Every structure is written in C-alpha cells, then in structure tokens.
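For reference, the structure discussed in these notes is given below.
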Amino acid sequence: MLELRNVQTYYGGIQALKGVSLRVAEGEIISLIGANGAGKTTTLMSISGVVPPKAGSITFCGDPIQGMPPDRIVSLGVIQVPEGRRIFPHLSVLENLDLGGFLRRDKDGIKQDLDHVFGLFPILQERRNQAGGTLSGGEQQMLAISRALMARPKLLLLDEPSLGLAPLIVQRIFQVIQRINREENTTIFLVEQNANLALRIAHRGYVMENGVITLEDTAANLMVNDAVKKAYLGL
Ligand code: ATP
C-alpha cells in the first residue's frame with residue numbers, strides 16, 4: 001500500500017531523513033520506533049506531504065505521491081493524527097469531527113461515521129457540545145483519532161498517541177487502534193517512543209536511528225531482539 005524508497009528530507013540545511021526505505025502492506029499495523037529526534041515525525045510529515053522530501057520516492061497504492069500537496073494526499077485516504085493532537089480548542093467536539101469530514105459530500109455516510117466514532121469513544125458523544133480545548137489529554141487524543149476517522153482513512157498515520165497520557169487511558173486508546181485495524185481493515189502506520197506498546201499491537205516494526213532505518217522485522221521478533229530490548233524496552 002505504501003512504499004518509501006531512499007527518502008531524504010531536510011529542514012533547511014539539516015538532513016533529518018538520510019535515505020529511509022520501508023513498506024506497509026494493506027491491513028497491517030506497522031510501528032516505527034526510535035529515540036527522540038531519530039526522524040519518526042519527519043517520516044510521517046514526508047508521507048503526508050507537509051514536509052516534502054528532497055529525494056527518493058513515496059508511492060501509495062502504486063502511485064507516486066511525493067511532491068503532491070497535503071490536501072491531495074488526504075483526498076487519497078492518507079490521514080495523519082499529529083503529535084500533540086492539534087485539535088481546534090475553541091471549536092466543539094462536533095465541529096472538530098465535522099472538519100475531519102471536510103472533503104466529503106456524502107451526508108448519510110458522515111452521519112453513519114459520526115455514530116461509529118461515538119460508539120468507539122462514548123465519552124465524545126457526552127462531550128459533543130464542549131469546546132475541544134476543555135477536554136482532558138486522553139479525550140483530546142480520542143477526538144484527534146476520531147476526527148481522522150471521519151475522513152474515512154485507508155492509511156492512518158498516528159504520531160505518538162500515548163504521549164503524556166496515563167497508562168490506563170493509553171491502554172484504551174491502543175485497544176481502539178487495534179479495533180480500527182481489525183474491524184474496519186484500516187491500515188495503520190504508528191510512530192511511538194513507547195516501543196513496548198507499539199510492538200505489542202503491531203504486525204511488523206522498524207527501528208530508526210539518526211534518520212536511517214537500522215532494523216526491521218516482525219513485531220514478535222523485535223520484542224525479543226537483544227538490541228531492541230536493551231535500547232527501547234528497558235529490559
Ligand atoms: P520525537 O520523538 O522527539 O518527536 P522524532 O523521532 O519524531 O523525535 P523528528 O521530530 O522527526 O524526530 O526530528 C528529526 C530531526 O529533525 C531532529 O534532529 C530535529 O531536531 C530535526 N527537526 C525536526 N523538526 C524540525 C524543524 N521544524 N526545523 C529544524 N529541524 C527540525
């Protein structure tokens with residue numbers, strides 16, 4: 001579904017991605033793990049077109065997408081949930097969700113999907129008229145994921161969904177991520193510093209260091225890999 005080949009991305013003179021190659025097959029959950037500053041967010045930004053790569057290729061369902069503007073990439077079904085949620089704090093929960101479906105014209109489908117996300121996260125239905133900025137961190141993360149689902153993603157890009165949240169909330173959110181993958185057949189590319197969590201729900205994983213992929217394997221193999229255990233699992 002998604003393939004990156006030798007992707008190189010810069011911020012001015014700083015090269016953040018130094019030739020990243022990876023692939024995500026339809027129906028998979030793929031986790032990209034790595035330390036602070038390794039280039040995980042930049043990988044997502046390169047895919048979604050927010051920070052376009054300078055070299056290399058990115059294909060989605062066989063077609064090149066590098067160089068396309070972000071809104072066209074969204075219209076293909078590649079939807080990013082950014083780090084730090086980035087919900088609209090002054091808009092209500094419902095208005096935030098409406099914006100997720102901004103490019104859609106199928107009113108009935110939108111209504112159906114709204115009911116669906118309220119089923120996944122009932123607290124959002126209770127809070128539907130509340131300003132997004134007054135939600136707790138966990139609820140904001142639920143809203144950010146739900147807003148992305150309102151765009152009917154084929155490929156969901158999740159950036160650090162566990163960041164700053166209590167373990168119990170994180171567990172709930174990760175259960176829903178797995179449900180979205182299993183029940184809706186949505187392909188998921190997950191970036192996480194919490195390697196333990198990320199590998200537990202993934203089919204395969206990649207390890208990134210200093211802008212390059214240093215390891216790739218099934219999630220099960222990565223979890224027992226000595227280098228991964230030592231560097232990322234605290235074992
Ligand atoms: P974190 O987990 O802390 O978000 P990360 O693995 O996602 O880290 P990136 O945010 O992709 O890492 O950063 C990769 C490199 O690019 C880092 O060296 C970072 O300092 C640099 N970088 C990221 N964003 C910018 C920017 N807007 N301008 C300049 N340099 C940047």
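The shown structure was predicted, so the numbers you read here are calculated from the model rather than taken from an experiment. All ligand and atom numbering here is 1-based and tracks the order in the structure.
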What residue and heavy atom of the protein are closest to [atom], and at what distance?
| atom | result |
| --- | --- |
| atom 1 (P) of ligand 1 | Asn36 OD1, 3.6 Å |
| atom 4 (O) of ligand 1 | Glu83 OE1, 3.3 Å |
| atom 11 (O) of ligand 1 | Thr42 OG1, 2.5 Å |
| atom 29 (C) of ligand 1 | Tyr11 CB, 3.3 Å |
| atom 15 (C) of ligand 1 | Gly37 O, 3.8 Å |
| atom 12 (O) of ligand 1 | Gly39 N, 3.1 Å |
| atom 10 (O) of ligand 1 | Thr41 CB, 3.7 Å |

Looking only at non-hydrogen atoms, find the nearest pair between [X] and [Y] and report the distance.
| X | Y | value |
| --- | --- | --- |
| Ser31 | Ala198 | OG-O, 2.8 Å |
| Tyr10 | Lys54 | CD1-CD, 3.6 Å |
| Leu165 | Pro161 | CD1-O, 3.4 Å |
| Lys154 | Leu76 | NZ-O, 3.4 Å |

Worked verdict on Glu3 versus Arg5 for salt bridge (Lys or Arg N to Asp or Glu O under 4.0 Å): CA-CA 6 Å; Glu3 185 163 21; Arg5 277 199 201 154; 3.4 Å; yes
Heavy atoms from other residues, nucleotides or ligands near CG of Asp106 exceed 12 (cutoff 6.0 Å): yes
Ligand 1 contact by Met45, heavy-atom criterion under 4.0 angstrom: no
Whether Ala35 lies under 4.0 Å from ligand 1, heavy atom: yes
Any N/O pair Ala38/ligand 1 closer than 3.5 Å: yes
Atom 19 (C) of ligand 1 touched by protein heavy atom at under 4.0 Å: no
Contacting atoms of ligand 1, where contact means under 4.0 angstrom from a heavy atom of Glu160: 2 (O)
Sub-4.0 Å atoms of ligand 1 with respect to non-hydrogen atoms of Ala16: 15 (C), 16 (O)
Donor-acceptor pair, side chain of Glu192 and main chain of Asn194, under 3.5 angstrom: yes
Whether Arg204 side chain and Arg23 backbone form a donor-acceptor pair below 3.5 Å: yes
Non-neighbouring partners of Pro153 that pass side chain to side chain contact (heavy atoms under 4.5 Å, CB included), sequence neighbours left out: Ile79, Leu149, Leu156, Thr186
